[in-house]
S.K.: 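This is the structure, below, for whatever I ask next.
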Protein chains: 2
Amino acid sequence: MKGLLKKSGLKVTDNRLSILEVLKKSSAPLTAEDIYKTLENEKHMSFSTVYRSLNAMLDAGILLMQVNQDSKQYFQLNTNEHKHIIKCIICKEAVNVEFCPMKEIEEVLAKKTGYKITGHSFEFTGICPNCQKNSQKYSKKH
Amino acid sequence: MKGLLKKSGLKVTDNRLSILEVLKKSSAPLTAEDIYKTLENEKHMSFSTVYRSLNAMLDAGILLMQVNQDSKQYFQLNTNEHKHIIKCIICKEAVNVEFCPMKEIEEVLAKKTGYKITGHSFEFTGICPNCQKNSQKYSKKH
DNA sequence: GTGGCTGCAAAACCTTTGCACACAA
DNA sequence: TTGTGTGCAAAGGTTTTGCAGCCAC
């Protein structure tokens with residue numbers, strides 16, 4: 001983790017290393033608040049430091065960021081295996097989509113539009129198996 | 001347009017009809033601000049009315065909403081032909097993606113996760129043909 | 001007439017920023 | 001030492017809400 005920061009010309013600080021650790025351990029992209037709360041017990045770090053660190057590492061290409069349907073920014077490590085989620089509209093639980101089908105779509109799109117594609121974000125919403133079971137009460141709404 | 005509102009049990013008001021007209025004429029999803037500005041010269045409508053009307057029609061299923069990478073909510077009519085965009089990271093111009101490849105992906109996903117899929121949102125970012133031409137100055141940043 | 005719609009202003013929410021101090025290199 | 005990182009509090013931008021009055025039905 002230290003190497004990532006050095007390579008980008010960012011200073012190596014405890015705060016940044018902690019944030020990277022949290023992201024590394026997480027199986028899904030996290031919000032600034034998620035990270036703040038995770039570290040709360042362990043050490044003191046202000047909200048603005050979380051945001052500023054995330055943005056610095058985002059600019060440096062160490063992280064990826066996407067805005068989900070809840071209007072919040074979600075951050076994850078920029079490895080070759082980035083993650084997308086599917087989120088239950090009832091219980092709000094999110095699970096990872098275990099594949100990213102965008103590579104081929106991006107190629108088609110580049111040809112059609114002439115754009116050079118640099119990124120994508122997507123999110124699915126649905127009803128998880130559990131909520132489907134208990135969802136008679138929701139069945140009036142399509 | 002009137003019929004859409006009636007069918008949903010929403011009252012038919014000038015404001016709502018105006019909003020629907022604007023969305024109908026637009027070739028891309030719009031923000032509340034876009035709609036407000038479009039109508040500004042033509043008539044008075046408060047920002048909260050724009051938001052409340054959009055949300056009422058969203059709940060009624062008349063509209064679709066997605067949050068893009070700029071953290072803004074974009075609204076469009078819920079026809080069978082919904083739209084996705086690709087946005088240039090340099091000049092910020094957005095064009096429509098002329099197809100939605102999600103149907104098949106959703107089927108695979110439903111099988112893999114057990115989720116009943118109710119929606120999706122995605123957005124591509126890239127560099128448009130124009131900016132690629134003028135973009136020597138940007139080439140230092142990957 | 002009544003419940004839903006509207007305007008206005010204020011609040012909520014997430015994120016960014018100014019400033020003074022602290023720390024990594 | 002020097003410039004980058006940090007904490008705190010305040011501000012920013014977008015969206016929501018409380019309340020009083022208005023309008024569609």
Side-chain angles (χ1 to χ4, degrees), chain A residues 1-22 29-40 42-60 62-75 92 121 123, chain B residues 1-20 22 29-40 42-60 62-76 92 121 123:
Chain A
M1 301 281 93
K2 221 166 150 179
L4 285 175
L5 292 169
K6 279 197 172 152
K7 208 165 52 180
S8 314
L10 294 175
K11 297 218 162 150
V12 179
T13 67
D14 261 17
N15 285 338
R16 290 173 177 176
L17 291 174
S18 299
I19 292 174
L20 287 173
E21 277 308 316
V22 173
L30 299 177
T31 63
E33 192 185 0
D34 293 335
I35 295 167
Y36 178 82
K37 291 225 165 122
T38 306
L39 292 171
E40 203 166 32
E42 183 175 320
K43 62 179 308 191
H44 175 78
M45 191 185 319
S46 75
F47 244 108
S48 41
T49 297
V50 177
Y51 275 110
R52 277 197 270 230
S53 297
L54 287 170
N55 281 321
M57 296 191 282
L58 181 65
D59 285 347
I62 298 173
L63 303 183
L64 295 175
M65 188 270 281
Q66 68 185 98
V67 179
N68 281 359
Q69 292 308 92
D70 58 5
S71 292
K72 288 182 189 160
Q73 302 177 340
Y74 285 76
F75 295 85
K92 314 296 180 200
S121 78
E123 181 190 20
Chain B
M1 300 281 92
K2 222 166 146 178
L4 284 177
L5 292 170
K6 279 197 172 151
K7 208 166 52 181
S8 314
L10 294 176
K11 298 222 160 145
V12 179
T13 67
D14 261 17
N15 285 339
R16 289 173 179 177
L17 291 174
S18 300
I19 292 174
L20 286 173
V22 173
L30 299 176
T31 63
E33 192 186 0
D34 293 335
I35 294 167
Y36 178 82
K37 291 225 163 122
T38 304
L39 292 171
E40 202 166 34
E42 182 175 322
K43 64 179 308 189
H44 175 77
M45 191 185 319
S46 75
F47 244 108
S48 41
T49 297
V50 176
Y51 274 109
R52 278 197 270 228
S53 297
L54 287 171
N55 281 323
M57 297 191 281
L58 180 65
D59 285 348
I62 299 173
L63 303 183
L64 295 175
M65 188 272 280
Q66 68 184 100
V67 179
N68 282 358
Q69 292 309 93
D70 58 5
S71 290
K72 289 182 189 158
Q73 302 177 341
Y74 286 76
F75 296 86
Q76 60 182 304
K92 313 296 181 200
S121 79
E123 183 189 20

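Below, chains carry the letters A, B, ... as their sequence lines are ordered, and counting in each starts from 1.
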S.K.: Need the bend value for the helix from C/dG1-D/dC25 to C/dA25-D/dT1: angle between end axes, 5 pairs each end, nearest 10°.
M.R.: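 Both end axes considered, the difference amounts to 40°.
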S.K.: If you check every side-chain atom of A/L10, which of C/dG3, D/dT15, D/dG5 has the closest atom?
M.R.: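 Within the option list, the nearest is D/dG5.
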S.K.: Can you measure A/D59 atom CG to C/dT15 atom P for me and round it to whole angstrom units?
M.R.: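 Result: 16 Å.
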S.K.: Rounding to a whole Å, what distance do you find between A/N55:CG and C/dC14:P?
M.R.: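 The answer, rounded to whole Å, is 16 Å.
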S.K.: Would you say C/dT16 has OP1 or OP2 under 4.0 Å from some side-chain N or O of A/Y51?
M.R.: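 Answer no for this pair, as no side-chain N or O of A/Y51 is under 4.0 Å from OP1 or OP2.
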S.K.: To the side chain of B/S48, which of D/dA24, C/dT16, C/dA9 is closest?
M.R.: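 Nucleotide nearest to B/S48's side chain: C/dA9.
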S.K.: So which nucleotide from D/dT14, D/dT6, C/dT6 ends up closest to the side chain of B/E33?
M.R.: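 So the side chain of B/E33 is nearest to D/dT14.
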S.K.: Expressed as a whole number of angstroms, how long is the span from B/D70:CG to C/dT15:P?
M.R.: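 Whole-Å distance recorded here is 13 Å.
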S.K.: Got B/I19 and B/M57 here, is their nearest side-chain heavy-atom distance under 4.5 Å?
M.R.: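 A side-chain contact under 4.5 Å exists here.
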S.K.: Just checking, any donor-acceptor pair under 3.5 angstrom between side chains of A/N15 and A/S18?
M.R.: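 Checked: A/N15/A/S18 side chains show no N/O donor-acceptor pair below 3.5 Å.
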S.K.: CG of B/L58 versus P of D/dT16: gap in Å, rounded?
M.R.: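 In whole Å, D/dT16 P lies 10 Å from B/L58 CG.
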S.K.: Would you mind reporting whether A/L10 and A/I62 have side-chain heavy atoms less than 4.5 Å apart?
M.R.: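 Counting from C-beta outward, A/I62 and A/L10 do come under 4.5 Å.
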S.K.: Any side-chain heavy atom of B/L17 within less than 4.5 Å of one from B/L5?
M.R.: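 Yes, close enough: below the 4.5 Å cut-off.
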S.K.: Whole angstroms only, please: what is the NZ-P distance between B/K6 and D/dA24?
M.R.: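 Taking atom P of D/dA24 as the reference, NZ of B/K6 is at 13 Å.
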S.K.: Separation of A/D14 atom CG from C/dA24 atom P, in whole Å?
M.R.: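 Whole-Å distance recorded here is 8 Å.
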S.K.: Got a second to check how far A/K37's NZ is from A/L30's CG, nearest 0.5 Å?
M.R.: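 A/K37 NZ to A/L30 CG: 13.0 Å, rounded to 0.5 Å.
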S.K.: On DNA chain D, check which nucleotide each of B/S71 and A/T13 is closest to and give me the residue with the more 5' one.
M.R.: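 Per heavy-atom nearest nucleotide, the more 5' residue is A/T13.
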S.K.: If we only count heavy atoms from C-beta on, is the A/L20 to A/L63 side-chain gap below 4.5 Å?
M.R.: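 Side-chain contact under 4.5 Å: yes.
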S.K.: Looking only at the side chain of B/N15 (C-beta and beyond, no hydrogens), which of the listed nucleotides D/dG7, C/dG7, D/dT15 gets closest?
M.R.: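 It is C/dG7.
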S.K.: Which whole-number value in Å describes the distance from B/N68 CG to D/dT15 P?
M.R.: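 In whole Å, D/dT15 P lies 11 Å from B/N68 CG.
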S.K.: Considering only side-chain heavy atoms of A/H44, which listed nucleotide, D/dT14, D/dG7, C/dG7, is closest?
M.R.: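 Selected nucleotide: D/dG7.
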S.K.: Could you tell me whether the phosphate oxygens of D/dT6, OP1 or OP2, come under 4.0 Å of any side-chain nitrogen or oxygen in A/T49?
M.R.: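 Answer is no, no contact under 4.0 Å.
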S.K.: Hey, is the side chain of B/R52 pairing donor to acceptor with the base of C/dG4 inside 3.5 Å?
M.R.: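 Flag unset: no donor-acceptor pair detected.
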S.K.: Check whether any side-chain heavy atom of A/V67 lies under 4.5 Å from a side-chain heavy atom of B/K72, and answer yes or no.
M.R.: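 No, side chains not in contact.
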S.K.: NA contact type, A/T31, heavy-atom cut-off 4.0 Å: base, sugar-phosphate, or nothing?
M.R.: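 No contact.
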S.K.: Nearest to the side chain of A/K72, heavy atoms from C-beta on, is which of C/dT15, C/dG7, C/dA25?
M.R.: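 For the A/K72 side chain, the nearest candidate turns out to be C/dT15.
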S.K.: What is the separation between atom CG on B/L17 and atom P on C/dC5, rounded to the nearest whole Å?
M.R.: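 So the CG-P distance, B/L17 to C/dC5, works out to 13 Å.
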S.K.: Measure from the side chain of B/R16, starting at C-beta and using heavy atoms only, and say which of C/dT15, C/dC5, D/dT6 lies closest.
M.R.: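 Taking heavy atoms from C-beta onward, the closest nucleotide is C/dC5.
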S.K.: Side chains of A/L39 and A/E42: does their closest heavy-atom pair fall under 4.5 Å?
M.R.: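 A/L39 reaches A/E42 side chain to side chain.
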